[in-house]
Amino acid sequence: MAKSPIAEEFALKETAPKIAGSGAIIDGDKLTCTYDLVEQMQYVYVRVVKAKELPSKDVTGSCDPYVEVKVGNYKGVTKHFEKKSNPEWNYVFAFSQEKLQASFIEVIVKDKDVVLDDFIGRVQLDLIDIPRRVPPDSPLAPQWYRLEHKNGDKLKKGEIMLAVWKGTQADEAFPDAWHSDAAAVGREGISKIRGKVYISPKLWYLRVNIIECQDLLPSDKTRPPEVYVKVVLGNQALRTKISGVKTVNPMWNEDLLFVVAEPFEEQLVLAVEERGGGKEETLGRCVILLKTVHRRLDNKAVPSKWHNLEKHAVVDGEKKDTKFASKIHMRISLDGGYHVFDESTHYSSDLRPTSKQLWKSSIGLLELGIISATGLSSMKTKDGRGTTDAYCVAKYAQKWVRTRTIIDSFSPKWNEQYTWEVFDPCTVITVGVFDNGHLQGGTDSSIGKVRIRLSTLETERVYTHSYPLIVLKPSGVKKMGEVQLAVRFSCTSYFNMINKYTHPLLPKMHYVHPLSVTQLDVLRYQAIQIVSLRLGRAEPPLKKEVVEYMLDVGSHIWSVRKAKANFFRIMNVLSGFISVAKWFNQICHWKNPLTTILIHVLFVILVLYPELILPTFFLYLFFIGIWRYRWKPRHPPHMDIRLSHADAIGSDELDEEFDTFPTSKGSDRVRMRYDRLRSIGGRIQTVIGDLATQGERLYSLLSWRDPRASALFVTFCLAAALILYVTPFQVVVLLAGFYVLRHPKFRQKIPSISANFFRRLPAKTDCML
């Protein structure tokens, strides 16, 4: 069946780039080749180290030197030093060989001047004589070169230290080098387009258990005090309920949760406040340093402590400390047994707890080659024409990577490769493409993103595909271009990876001391703010809009489109059961007499020999799984506009989806009702999506979407069929009944192996826009 033109346009395409990874060999746990998932790009590297004894050019008897490196039409310039004859630059320049139209490199030392820069000396090197360096060879040692006049005569004094070699983008000098593609941005803009590897801050949940206060001194002693505790940490502020014990010794025993990041920069400020008479008064406050807080890894109780409350009185316009005997009783802990969510639970790239002491060994290696993009849309105008300055961001676990920005190109080629350790196969890597608006002082615009679930990939296989970049705009769904990626998931311990399918998806603390859905939503929002703030301090900064787009901020907001998409997902899941019901109805009505007779025979056999029912059922599932192996998916999942219901959305629905929250439409009453409807609809949408996810996971047991999970299930079916064949049916029923009705003492809060296995199965959430 031929695909429609729209489906073809938004389809995933398999590519055949010229990479070594397609023929890579695994030797034990190590790869025999490196940087093999991208096309090799040849560069000429020039490292300008330093100069000595430069002749003076100014009337003051000194010079302000800088270096200009020219190869054909490309020119790179270092910064200049004022009045220094022995400067040190340590700059690296990288010139793409495929764009060079020259046979020599010219390194010119000049003196910075107000009107016209003076020529000091130069060095000329033939490209044919430049040696080639292949990593991991040791770096090429720089050497001194005597400067010469324009006519070729050597200067009496004045030397420059250079290292010149040919290499590829695998060279360690590549990330920090000035590139010839960046000539348009100037020396000052180099840092804004340079690639970078970022590490997310280590996040902790801070639990503050407010127990009670003692000997408070309310301002009005004629009425019962209404006291609560306000806790502030940076830009996070929470408060307890008003104590039900309206005395000078109020009690709460209430938990307040915050997200904090290492290194701990903020202080925890607690204020005991009294409400009454239309105003709020602070009865006392205390400040706690986070580095002194107890860190716990499990559910064991944390020792409680009494803290003194301080109060300041204003006397003659000055604050003076007063003697105050009030105390507050609390338990404060940094809970390292949880995983702090900053991503959506459906697209998590890391499920490990905060504390490294609880981490297990890695199970494999994820390698991503960001090759190129094609057909990118124009994102801004420059000199009256459309242009795009594109770069990619990839996020997996705590490591973010950013490629260099390719200036003014709708078909940029990055050919950069990155590696991550994998601790859980049921995780997702996210790759986004952005337009660099930082060069013009604007914001970075999103072009599109790709999500790939690792469990849907076969181990040791290189996937090379061109992924459509799809975004939903107020005008409708739009393809913004395509990005070409190469992905390989290498397994270092197959046993550990298979064993992961029997473990809980989340750390133990999420089950023995679970957090509510509301708490997780609030804490995730705080975690995103912390991560975006920290990554925004880097150079070049990973801007807030980029971080929020990668972490799917606002994905929980209600929209008619998402509700429809989840409804049709449920209908698709139920269609299988409906088909079985229709087939059985046809059997009852003798639509196919031969099939009906065979069913009668099977029915009589199973009634006469009930011990064959379960073995037959599991054997049937086993053969179905083996039969469907031939049609197992060959490509990773990608964004599906049909599944997301993005190709049939009306203008009114789009207007609602891109409306602000709270809404900006209509009167105040309409706004209140509309927001309430969207809030309720968002919850219904989430529940519908979760139901669809469970059904899709059930279908994925035999779909080979996750080849390891399907292999485990098929093997289990065969073993179950053999065991149940030799075990009396009555014994099986008795054991199953006793297990279901077992005493609570024999139950545990940790999910069973079957539940853990089921929750790790892939669903179509990865394909949702």
Side-chain angles (χ1 to χ4, degrees), residues 15-24 31 33-47 69-76 91-103 105 127-128 130-137 139-140 163-185 190 193-197 367-376 388-394 401-419 431 433 436 462 464-466 481-488:
T15 59
K18 298 177 181 179
I19 61 176
S22 56
L31 295 167
C33 53
T34 59
Y35 229 80
D36 58 340
L37 294 184
V38 292
E39 298 177 354
Q40 279 201 353
M41 301 175 69
Q42 303 296 326
Y43 286 90
V44 175
Y45 290 95
V46 180
R47 182 187 296 275
V69 181
K70 295 178 64 176
V71 184
N73 294 327
Y74 295 100
K75 179 176 67 175
Y91 269 46
V92 179
F93 299 88
F95 298 90
S96 176
Q97 280 193 245
E98 65 178 11
K99 297 181 180 180
L100 296 184
Q101 296 179 348
S103 59
I105 296 175
L127 286 175
I128 196 171
I130 295 175
R132 179 173 299 278
R133 176 177 172 263
V134 180
D137 294 350
L140 197 67
V164 185
W165 71 95
K166 293 179 181 178
T168 66
Q169 71 270 39
D171 200 292
E172 68 268 17
F174 180 81
D176 297 323
W178 176 94
H179 292 271
S180 53
D181 296 336
V185 303
I190 294 301
I193 67 169
R194 186 170 285 164
K196 182 81 172 180
V197 176
E367 295 166 282
L368 172 69
I370 303 175
I371 300 174
S372 63
T374 56
L376 296 182
T388 298
D389 305 324
Y391 68 90
C392 286
V393 174
V401 298
R402 168 180 174 154
T403 67
R404 69 192 189 281
T405 300
I406 305 298
I407 304 298
D408 193 15
S409 176
F410 298 122
S411 300
K413 292 184 178 181
W414 294 285
N415 285 304
E416 298 184 24
Q417 184 170 335
Y418 302 94
T419 305
V431 183
V433 183
N436 194 333
V462 177
T464 54
H465 291 86
S466 185
E482 297 182 0
V483 60
Q484 187 179 9
L485 305 175
V487 183
R488 176 169 55 207

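Just so you know, residue 1 is the first one in the sequence shown, and it goes up from there. What's counted below: heavy atoms across the whole structure, side chains too, no hydrogens, waters or symmetry copies.
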Identify the residue among Ile371, Thr405, Ile370 that makes a side chain to side chain contact (heavy atoms under 4.5 Å, CB included) with Trp414.
Ile370
Do the ring planes of Phe93 and Phe95 sit parallel (below 30°), tilted (30 to 60°) or perpendicular (above 60°)?
parallel
Side-chain touch Asp36/Ile19, heavy atoms, less than 4.5 angstrom:
no
Hey, mind stepping through Arg488 and Gln417 against side-chain hydrogen bond (donor to acceptor under 3.5 Å, both in side chains) and telling me if it holds?
CA-CA 11 Å; Arg488 176 169 55 207; Gln417 184 170 335; over 6 Å; no
Kindly indicate whether the side chain of Glu98, heavy atoms from C-beta on, has any atom under 4.5 Å from the side chain of Tyr43.
no
Are side-chain heavy atoms of Val401 and Val393 found at a separation under 4.5 Å?
no
Name all residues meeting the side chain to side chain contact (heavy atoms under 4.5 Å, CB included) criterion together with Glu172; count only those two or more places apart in sequence or in a different chain, and write none if there are none.
Arg133, Pro139
Please tell me whether Glu482 and Ser466 have a donor and an acceptor in their side chains that are separated by less than 3.5 angstrom.
yes
Ignoring hydrogens, what is the shortest heavy-atom contact between Ala94 and Ala177? Give both atom names and the distance.
CB-CB, 4.0 Å
Side-chain contact test, heavy atoms from C-beta onward, threshold under 4.5 Å: evaluate it for Ile193 versus Arg404 and give yes or no.
no
Would you find a donor on one side and an acceptor on the other, under 3.5 Å apart, between the side chain of Asn436 and the backbone of Ala390?
no
Identify, with sequence neighbours excluded, every residue that meets side chain to side chain contact (heavy atoms under 4.5 Å, CB included) alongside Thr419.
Leu365, Glu367
If only atom types and distance count, is the side chain of His179 paired as donor or acceptor with the main-chain N or O of Phe174 below 3.5 Å?
yes
With distance as the sole test, does Thr168 use its side chain to make a donor-acceptor pair with the main-chain N or O of Ala170 at under 3.5 Å?
yes
Does Lys166 reach the main-chain N or O of Leu127 with its side chain, forming a donor-acceptor pair under 3.5 Å?
yes
Would you say the side chain of Val71 lies within less than 4.5 Å of the side chain of Val44, judging by non-hydrogen atoms?
no
Rounding to 0.5 Å, atoms CD (Glu39) and NZ (Lys18) come to a distance of 7.5 Å
Which one of Thr15, Val38, Leu37, Leu368 satisfies the side chain to side chain contact (heavy atoms under 4.5 Å, CB included) criterion with Leu485?
Leu368
Do Asn73 and Gln101 have side chains that approach each other closer than 4.5 Å (heavy atoms only, starting at C-beta)?
yes
Can you say whether the rings of Tyr45 and Trp165 are parallel (under 30°), tilted (30 to 60°) or perpendicular (over 60°)?
parallel
